[in-house]
Structures are given as C-alpha cells and as structure tokens.
Undergrad: 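Before I ask anything, let me first share the structure, which is written out below as structure tokens.
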Amino acid sequence: MWKEHYRIGSELIDSQHQELFGRVASFIRAVQGEESWEERLDEVQSTLEFMKDYVVIHFRDEEALQKEIGYPWLEKHAAIHNAFREEIREFAQRVEREGFDEEKVQEFAAKVMTWLIMHVGKEDQRIGEYIREQGGQQ
Ligand SMILES: [Fe+2]
Ligand SMILES: [Fe+2]
C-alpha cells in the first residue's frame, strides 16, 4: 500500500510512513482474516497498541521536522494530527471499556487506512513540496 512517490525527502519520516502503512496493512489482514475472531484478536490488539504509541512518535517527529525547516503550515498540520491522535485514543479507550467487537474494529481499521492514505498522500506531501522548494533533502 506504500508507494515510492509518497517519499517527502526526509529519511526518518519516509521510513516511519512505510512502517505505518505496513502496520495498517497487517491490521486489516488480521481484521479480515479467515480464522475465528478470537484467533485474530491478539494481532488486532497488539497492532492497535503499537499504533497508539507509534502515531504519537511519528506526529512528534514530523512536527519537529516542520519546525526545523520553517514549514509555514505547521499549526494547521498539528491540529489535524491532534484530531487523529484523539480518535485513536478514544477508540482504544472504547474497546478497553466495551471489548473488541469485530464490526467496530473493522469499521475503525477501514477509517484508519483511509485517513492514512489521504493524509500521507496529500497533507504530508506538502511538506515534501516545501523541502524541494527550499532546495533539497533533510
Ligand atoms: Fe505523516
Ligand atoms: Fe502529517
């Protein structure tokens, strides 16, 4: 699901994006797998745990890069990150409270995938454009 043209020109951020895409893909595989829900639940739970932390790290690093290069739309970008981080956190809390319901998790996995493709494919690409305008690699 990762595409080479998603690269923005920062090694750290590009590798984090690849990792995110990889994890979401395995999350979706686990969610849609043939085994019983109980058998898939381990993978679903551990991926969700991982995503919760990794998204925080990635957003922090990406915002630090934006600051470093003087990216002019940092605040707007950070607000988008905050909203998404909040959604993941809320979902994680909800499943903690109510348990892992297959349908809810499927819905959420699809949402995360769509968000990731849209965000990395559009919003994050503007950082890449800015880096290129400023004359190169970070
Ligand atoms: Fe990103
Ligand atoms: Fe971003």
Side-chain angles (χ1 to χ4, degrees):
M1 283 183 229
W2 161 262
K3 296 192 176 69
E4 280 304 312
H5 72 255
Y6 288 151
R7 286 188 188 284
I8 66 162
S10 154
E11 248 175 70
L12 174 67
I13 300 304
D14 289 335
S15 68
Q16 288 179 344
H17 282 157
Q18 282 182 61
E19 178 72 32
L20 277 170
F21 272 89
R23 290 290 178 149
V24 175
S26 55
F27 187 43
I28 290 187
R29 260 198 309 275
V31 165
Q32 295 176 340
E34 301 279 297
E35 305 85 18
S36 73
W37 179 236
E38 284 69 32
E39 282 172 287
R40 284 175 284 147
L41 202 52
D42 263 358
E43 174 77 17
V44 168
Q45 268 172 316
S46 60
T47 311
L48 190 62
E49 254 332 286
F50 173 86
M51 290 289 284
K52 214 173 59 179
D53 299 334
Y54 198 72
V55 153
V56 172
I57 294 166
H58 170 61
F59 288 173
R60 188 199 60 204
D61 289 346
E62 200 180 270
E63 287 164 25
L65 168 71
Q66 292 177 39
K67 209 169 169 184
E68 199 183 299
I69 61 173
Y71 185 67
W73 303 283
L74 188 154
E75 262 177 54
K76 185 188 161 219
H77 200 116
I80 298 172
H81 282 170
N82 288 345
F84 186 67
R85 194 166 35 213
E86 190 54 26
E87 264 188 65
I88 294 202
R89 209 181 53 85
E90 267 172 28
F91 184 79
Q93 273 182 348
R94 190 168 140 201
V95 290
E96 235 170 74
R97 255 193 340 260
E98 301 167 13
F100 281 83
D101 170 88
E102 184 170 3
E103 206 173 308
K104 261 184 272 175
V105 174
Q106 272 176 356
E107 222 173 84
F108 181 73
K111 203 167 149 186
V112 169
M113 192 71 222
T114 310
W115 190 91
L116 192 65
I117 292 172
M118 293 297 288
H119 186 77
V120 174
K122 282 199 156 171
E123 213 61 52
D124 288 349
Q125 293 310 304
R126 293 182 217 273
I127 310 167
E129 278 164 34
Y130 185 76
I131 291 174
R132 285 190 290 278
E133 278 169 23
Q134 302 303 303
Q137 292 259 321
Q138 283 298 314

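Every number for a ligand or one of its atoms is a count from 1 in the order of the listing. Quick caveat: nothing in here was measured; it's all calculated off a predicted structure.
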Undergrad: Tell me, please, if Glu123 has any N/O/S atom, main chain or side chain, under 2.8 Å from the Fe ion (ligand 1)?
TA: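 Of the N, O and S atoms in Glu123, none lies under 2.8 Å from the Fe ion (ligand 1), which means no.
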Undergrad: Specify which N/O/S atom of Asp124 comes nearest to the Fe ion (ligand 1), by atom name.
TA: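 Going through the N, O and S atoms of Asp124 one by one, OD2 ends up nearest to the Fe ion (ligand 1).
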Undergrad: What is the name of the N/O/S atom in His119 that sits closest to the Fe ion (ligand 2)?
TA: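 Within His119, restricted to N, O or S, the Fe ion (ligand 2) is closest to atom NE2.
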Undergrad: Using 2.8 Å as a strict upper limit, say whether an N, O or S atom of His58 approaches the Fe ion (ligand 1) that closely.
TA: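 Checking the Fe ion (ligand 1) against His58, an N, O or S atom does fall under 2.8 Å.
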Undergrad: Please determine if Lys52 and Glu49 form a salt bridge, counting it only when a charged side-chain N lies under 4.0 Å from a carboxylate O.
TA: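 Here Lys52 pairs with Glu49 in a salt bridge, since their nearest N and O are under 4.0 Å apart.
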Undergrad: State whether Tyr54 and Arg23 meet the cation-pi test: NZ (Lys) or CZ (Arg) under 6.0 Å from the six-membered ring centroid, and within 45° of the perpendicular axis.
TA: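 No cation-pi geometry.
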Undergrad: Could you check which N/O/S atom of His17 is closest to the Fe ion (ligand 1)?
TA: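 His17's closest N, O or S atom to the Fe ion (ligand 1) is named NE2.
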Undergrad: Among the N/O/S atoms of Glu62, select the one at the shortest distance from the Fe ion (ligand 1) and name it.
TA: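 For Glu62, the N, O or S atom at the smallest distance from the Fe ion (ligand 1) is OE1.
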Undergrad: Can Glu62 and His81 be counted as having a side-chain donor-acceptor contact under 3.5 angstrom?
TA: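 Yes - a donor-acceptor pair under 3.5 Å links their side chains.
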Undergrad: Please determine, by modelled atom types, if His119 and His17 share a side-chain donor-acceptor pair under 3.5 angstrom.
TA: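 His119 vs His17: no donor-acceptor pair found between side chains.
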Undergrad: Any ion pair linking Glu43 and Arg29 (charged N to carboxylate O, less than 4.0 Å)?
TA: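 No, no charged N to carboxylate O under 4.0 Å.
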